[in-house]
Amino acid sequence: MIYLDYAANHPVDPAVLERFCAVERSFPGNPNSRHTMGRAACGEMERITDSVAELLGVDPKSVIFTSGATEANNLAIKGIARSTRHCGRHIISTPVEHASASASVTWLQEQGYEVDLLPLGRDGRVDLEELEYLLRKDTVLVTVPAVDSELGTVQPVAEIRKLVSRFPNCHLHVDATQAIGRIPFDFSPADTVSFAPHKFGGLNGCGVLVKRKDLVIEPQLHGGESTTIYRSGTPALALAASVEAALRPAVEQMEARTAHVTALRRKLQQGLEKYPNVRINSPSGAVPHILNLSIKGVKGGTMQQVLDERGICVSVKSACSVEGTPSRAVFAVSRDRNNARSSWRISLSHLTTEQEIEEFLRQFDACYQELTGEQV
Ligand code: PLP
């Protein structure tokens with residue numbers, strides 16, 4: 001099998017698994033308990049939180065551990081909207097959100113919020129002039145992905161912040177799930193930032209919301225104070241430890257990993273651009289690990305299936321999106337419904353090898369001939 005779907009889920013780093021097991025064994029106490037074993041677990045939780053904060057370059061008080069990026073997006077988007085409901089009920093979002101962010105916004109729309117979606121330029125970036133035009137006194141939230149999961153476009157978060165800052169009631173939420181651990185990321189322009197370590201070698205079932213420490217949002221889980229009022233319940237110490245264990249190599253080895261992935265991406269894209277019916281949908285400034293493309297006249301789902309039969313895993317839209325509909329993100333940049341229906345995604349990691357890319361290109365060539373009847 002050749003796995004080329006690392007943006008959906010990254011295999012866990014064995015050292016992360018070991019750390020998870022070691023912490024589970026060593027700290028049986030509940031970090032909320034006052035006895036010796038509880039205090040030991042609580043101390044370890046504090047040490048891990050400090051270390052995660054240091055790796056991210058944020059204040060430890062701003063780190064909230066969650067069950068994943070989905071929960072972090074729900075907490076930030078609904079939590080901000082609910083805590084600012086007396087200031088207004090207008091939200092600005094984008095057509096390139098992950099389902100966990102777009103569905104949270106839709107839920108708020110059903111509760112009476114007014115929602116505007118920013119158009120994208122051909123380069124996949126949100127239209128800043130349109131943002132300036134849409135922002136108003138009752139706008140309470142702008143939510144954008146740092147990097148969208150389908151095209152890999154890097155959004156201009158710092159420029160968005162400048163515009164948002166003119167409106168004191170407005171907050172900026174950034175879904176950085178495809179950015180953290182992959183590209184350098186500055187937390188300072190955002191009020192809240194979500195991510196999940198299973199995208200870079202961590203475990204499933206955990207995520208992080210970084211919330212500006214003086215920002216008060218409405219908790220979405222009710223059940224008493226824990227290490228934070230935003231996450232009631234027994235803190236998942238070993239999962240928090242696994243976040244730290246995945247984050248450290250991702251941050252410390254980012255440059256070398258990016259160089260490796262960039263070289264593979266170049267080889268892959270050059271190989272694919274030879275085909276006349278191939279259209280690369282990812283913009284030129286996209287992150288190196290995500291490549292979205294279409295073959296004219298061939299549905300993305302068909303391509304996924306024929307590649308799967310040949311032992312290659314790629315993805316159509318993001319794993320959590322609705323099946324059978326054209327990609328909203330690809331349509332937003334190409335404005336071509338057929339192209340959006342034909343789109344699919346290859347995503348790479350530092351674990352991807354040159355041999356895998358070569359084998360993929362051989363298999364792709366056979367599929368292309370089979371489905372288009374053309375030889376290149
Ligand atoms: N946001 C983005 C951009 C994603 O790519 C994903 C995962 O696919 C999520 C959020 C949801 O993450 P999780 O599966 O950790 O809830």
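The basis for the numbers below is simple: all heavy atoms, side chains too, and nothing from hydrogens, waters or symmetry mates. In each ligand, atom 1 is the first atom listed, and ligand 1 is the first ligand listed.
- Closest heavy-atom approach to atom 11 (C) of ligand 1 among the candidates His98, Glu71, Glu97: His98.
- Donor-acceptor pairing under 3.5 Å is lacking for the side chains of Arg266 and Gln270.
- Here's the thing with Ala196: none of its N/O atoms is less than 3.5 angstrom from an N/O atom of ligand 1.
- Between the side chains of Ser294 and Asn339, at least one donor N or O lies within less than 3.5 Å of an accepting N or O.
- Set against the non-hydrogen atoms of Gly68, the atoms of ligand 1 under 4.0 Å away are 15 (O).
- Applying the salt bridge (charged side-chain N to carboxylate O under 4.0 Å, His left out) rule to pairs touching residues 355-368 yields Lys267-Glu358, Glu359-Arg362, sequence neighbours excluded.
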Arg39/Glu46 under salt bridge (charged side-chain N to carboxylate O under 4.0 Å, His left out): CA gap, chis, key distance, verdict: CA-CA 10 Å; Arg39 286 200 308 275; Glu46 280 170 12; over 6 Å; no
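- At least one heavy atom of Lys199 sits closer than 4.0 Å to an atom of ligand 1.
- Each of the following atoms of ligand 1 lies closer than 4.0 Å to a heavy atom of Ser100: 10 (C).
- The salt bridge (charged side-chain N to carboxylate O under 4.0 Å, His left out) analysis of residues 61-85, with sequence neighbours excluded, yields the pairs Glu71-Arg231, Arg82-Glu218, Arg85-Glu218.
- Taking only non-hydrogen atoms, the option from Val96, Asp175, Thr66 nearest to atom 2 (C) of ligand 1 is Asp175.
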